[in-house]
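Scroll down for the structure; my scribbles are underneath it.
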Amino acid sequence: MKKILVILITGLIYNSVFNHGNAQLIGGKNNINVPDVGLNSKIGVKISKADFRSLKTFSKYYKNASDVKWFSEPGCITARFSGNQINTTVLFDKQGRWIRTTKTYQEDKMEPGIRAIVKSKYYDHKINLVKEVNEGGMLCYFIYLENDKNYTIVTLYEGEVSIYENFQKS
């Protein structure tokens, strides 16, 4: 009886959070909705706890996010949204704990200090794209550059710029 009660309460909390939040679930087999399984199913409870924990953490840090799309894949839960011309992806493990946040944006959205570091070394390159990766408290930037001869991807970590990849144009 206790198991059924816990499952029902967890399901009610889960549904009320998703029905009143800004999140939008994607249909299909990768949907993170609790599957329609029997009340005694342990897998349904595990999925809902991870989803609830992910949503709670996500809501704490991204209060103004809208049109959030949630995906469930083996071993992780992903939230994706866009705002202010910045695409954000937040990755959680299968227990609902935060792993990584990745933001993708254009040069005009770069922090001036970060842009100055890159431009001081690659002044003759155009910045096409920036990918900002925050994982485990470490912040790293992947900056996609272009000039008349090359495409170059550089990393910026703790003020140090390094070439990640370099391609010659044909």
For [X], check ring pair (Phe, Tyr, Trp, His ring centres under 6.0 Å) against everything at least two apart and list the hits.
X	result
F92	none
Y105	none
F167	none
F142	Y164

To the nearest 0.5 Å, what is the distance between [atom1] on [X] and [atom2] on [Y]?
X	Y	atom1	atom2	value
L145	I153	CG	CD1	9.0 Å
I143	K121	CD1	NZ	11.5 Å
S72	K94	OG	NZ	11.5 Å
D93	C76	CG	SG	9.0 Å

With sequence neighbours excluded, residues passing side-chain hydrogen bond (donor to acceptor under 3.5 Å, both in side chains) with N134 |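 Partners of N134 by the side-chain hydrogen bond (donor to acceptor under 3.5 Å, both in side chains) criterion come out as none, since no residue qualifies.
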Do any pairs count as a ring-ring contact (aromatic ring centres under 6.0 Å, His included) and have a residue in residues 110-130, sequence neighbours left out, and if so which ones?
->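 Those involving residues 110-130 are Y122-H125.
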Distance-only, no hydrogens or angles: does the S120 side chain make a donor-acceptor pair with backbone N or O of I117 under 3.5 Å?
->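 Checked: pair present.
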Would a distance-only check, ignoring hydrogens and angles, find a side-chain to backbone donor-acceptor pair under 3.5 Å from N150 to T152?
->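 Side chain of N150 to backbone of T152, a donor-acceptor pair under 3.5 Å: no, none is there.
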Tell me whether [Y] is reachable from [X] by hopping between hydrophobic residues (I, L, V, M, F, W, Y) whose side-chain heavy atoms are closer than 4.5 Å.
X	Y	result
V118	I86	yes
L156	V133	no
I77	W98	yes

How would you list, by chain and number, every residue that makes a side chain to side chain contact (heavy atoms under 4.5 Å, CB included) with L129, sequence neighbours excluded?
->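 Partners of L129 under the side chain to side chain contact (heavy atoms under 4.5 Å, CB included) test: T104, Q106, K131, Y144.
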Can you name the residues that form a side chain to side chain contact (heavy atoms under 4.5 Å, CB included) with E107, not counting sequence neighbours?
->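 With neighbours one apart ignored, the set is M110, R115, K119, I127.
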Measure across S54 and G96 and return the closest heavy-atom pair with its distance rounded to 0.1 Å.
->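 Closest approach of S54 to G96: OG-CA, 3.2 Å.
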By the rule that ILVMFWY residues connect when side-chain heavy atoms come within less than 4.5 angstrom, directly or transitively, which residues belong alongside L91?
->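 So far as hydrophobic clustering goes, L91 is joined with I99.
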Hey, what else clusters with M138 if you join Ile, Leu, Val, Met, Phe, Trp, Tyr whenever side-chain heavy atoms sit under 4.5 Å?
->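 Joined to M138, directly or through intermediates: Y157.
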Going through the checks in order, is the side-chain contact (heavy atoms from CB on, under 4.5 Å) test met by E132 and T101?
-> CA-CA 8 Å; E132 177 183 314; T101 300; over 6 Å; no
Pairs in or reaching into residues 75-84: which pass side chain to side chain donor-acceptor pair (under 3.5 Å), with residues at least two apart or in two chains?
->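 Checked against side chain to side chain donor-acceptor pair (under 3.5 Å) - neighbours excluded - the pairs reaching residues 75-84 are S82-N87, N84-K109.
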Tell me, do T88 and T102 make a side-chain contact under 4.5 Å, heavy atoms counted?
->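 No, their side chains stay 4.5 Å or more apart.
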Residue pair Y141 / V161, side-chain heavy-atom distance below 4.5 Å =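 Contact flag for Y141/V161 side chains = no.
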Going by the salt bridge (charged side-chain N to carboxylate O under 4.0 Å, His left out) test, which pairs reach into residues 134-154, not counting sequence neighbours?
->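 Passing the test, one end in residues 134-154: R100-E135, E146-K169.
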Would the W70 and F58 ring centres measure less than 6.0 Å apart?
->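 Centroid distance W70-F58: below 6.0 Å, so yes.
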